[in-house]
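Below you'll find the structure, written out as structure tokens, and then a few comments.
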Amino acid sequence: MNLYSLTIMDHYHHPRNVGKLDGATHKADEVNTSCGDKTRFGLRVENDKLKEIKHETRGCLVAIVSASVLSEKIIGKSTKEIKEMKAEDLMALIGMELTTSRIRCAMLPLLAIQKALKGGG
Amino acid sequence: MSDQQKTRKDFPLLQRRINGKPLIYFDNAATSQKPQKVIDAVSGFYQNHNANIHRGIHTLAEEATDIYENVRNQVAKYINANSPEEVIFVRNTTEALNLVAYSFGRPSVLKKDEIVTTIMEHHSNFLPWRELALENGAALKAIDIDNGGRLMIKTGENKNEDTKNKKGRIFNHGTKIIALTQASNVLGTVNPIKEILSSVPPYTLNAGSSPRTQSRGYPLVVVDGAQAVPHLRVNVRELGCDFYAFSGHKMFAPMGAGVLWGRREILELMPPFLFGGGMIKNVSLAGAEYAEVPAKFEAGTPSVADVAGLGAAIEYLEEIGYEEIANCELSNCELLLGELQKIPEVTIYGPKTTKDRVATISFNVRDIHPHDVAQFLNDNYGIAVRAGQHCAGPLHERLGIPASVRASLAFYNTEGEIRVFLTAIKDLIRVFK
Ligand SMILES: Cc1ncc(COP(=O)(O)O)c(C=O)c1O
């Protein structure tokens, strides 16, 4: 998908599931040290399935869109499935064609989510 | 064909297309493109003369040595050094500055001494001094900038009490080293080195001693010339510094060859930085005697082909001439500065006029992330700019911004390219609205 398509720009201007999650069972922060982008995720997991997700992301278009799209598309998945997601899976999910340095931007939210799931509450 | 169109033909890479668009290369401060003449000098060395230098008497070894030493002479003339022995070949500016910090700094900077630098330094003229200060218990102070992006160096102007004393000088009794850049790689500011240094008496030496015994005296001055040499005629003796460092790759030469110029008397009393082949007089189990300058500082096999390329780049620069370079760059810089200032969404950091400036312009567009700006310009217009902190963390912190976008021009950039760039910025603002 074109980086500046309407869908993508819509996620950029109106990212979904933004905010703090009350009653989160898992939380984590992640920073991209190469550009200083930051994200914070709160997740609510029940019976090993992701029920609710919220994030606060400060970063570039790729990081914001990735966080927004992820927050919609991984609801209902099992924690095992999410923990095993790789860069390729993320790319397929967000439908962006990215070069090496931008893949790092896209990975930021996924890394935060996986960190939260691995680290527990 | 205009002169500029002719010079553009000298650079094969400028013919490339990026995403179907002609490349617009505005990342010259990171590294410049190379003219065919330089590329030929490098491949010519490997095709016809390749041999190790200073260690053979066969024809090829002699040729390679001559090529290498001739470029040393050429560099010495080019920067107006006293002699070729004052020119030390290194890989780049970073290595040159580390050499001074290790070899001169480690033994001479003592507890409670101070090192003065500026807030606009590249990390390579900041971190070596920071580490040195930490290790030796010295203080590190940074001269601040005003809102126009210029160093605050005049008496009474420098509000930062740290870096001025009662006489309004930028150094104190205990200042051992002043390290500053001639041109900022972010702001484009050209610092008035001669004027700044006019208040610093020449570094004096106690003859026959080592840096360790050079205790109280006037500070040693190290100038980072990485962003100046590609744009200005540099005369190291006139500047009034003790060391001057630059990288070949930013001045149309290959990556891998850089220069440290130093005053010979000082180089002579400094210990070697790296030890190994090529820097000794004789070695036995019992002891070693080191070579004279410059060999003392050139341990190991140097990048001879890249040095050959540096020679070709200097020739090329001399053919074009610095006057022509400044004309091209500054008229485009003026256009770019003027037009960018008309766009309300754009904030420029650094001087807004071309006075005492190189054509390096850093800016932000509203709150659009610099990475997004750079990506958009690349994907849709084939424009190469840099996004991030440009290895100037302290400066970005001082400016209160996480990062910026940087467009840096060379003499081969055209007015047409500036117009495309301006259109691209307006398009970006529309798309990200
Ligand atoms: C002002 C300044 N100093 C030092 C450097 C370091 O140059 P190099 O990476 O060639 O060592 C650069 C280039 O990035 C620079 O712009």
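First the proteins, then the strands, lettered A, B, ... as listed; each starts at 1.
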- [ ] Check whether B/Gln375 gets within reach of chain A through its side chain, its backbone, both or neither, counting any heavy atom under 4.5 Å.
- [x] both

- [ ] Please tell me if the side chains of A/Tyr4 and B/Asn380 come closer than 4.5 Å, counting only heavy atoms from C-beta onward.
- [x] yes

Task: Spacing of B/Asp367 atom CG and A/Arg58 atom CZ [to the nearest 0.5 Å] - done: 11.5 Å

Task: A/Arg102 atom CZ, neighbour heavy-atom count above 12 within 6.0 Å - done: yes

Task: More than 12 heavy atoms of other groups within 6.0 Å of B/Arg130 CZ - done: no

- [ ] Count the heavy atoms belonging to other residues, nucleotides or ligands that lie under 6.0 Å from CG of B/Leu134, then report whether that count exceeds 12.
- [x] yes

- [ ] Work out which heavy atom in A/Val62 is nearest to a heavy atom in B/Asp372; give both atom names and the distance.
- [x] N-OD1, 4.1 Å

Task: B/Lys433 backbone acceptor or donor facing A/His13 side chain under 3.5 Å - done: yes

Task: Residue pair A/Gly59 / B/His369: nearest heavy atoms and the distance that separates them - done: C-CD2, 3.4 Å

Open item on the list: More than 12 heavy atoms of other residues, nucleotides or ligands under 6.0 Å from CZ of B/Arg16: yes or no?
Closed with: no

TODO: Answer yes or no: are there more than 12 heavy-atom neighbours, outside A/Arg44 itself, under 6.0 Å from its atom CZ?
DONE: yes

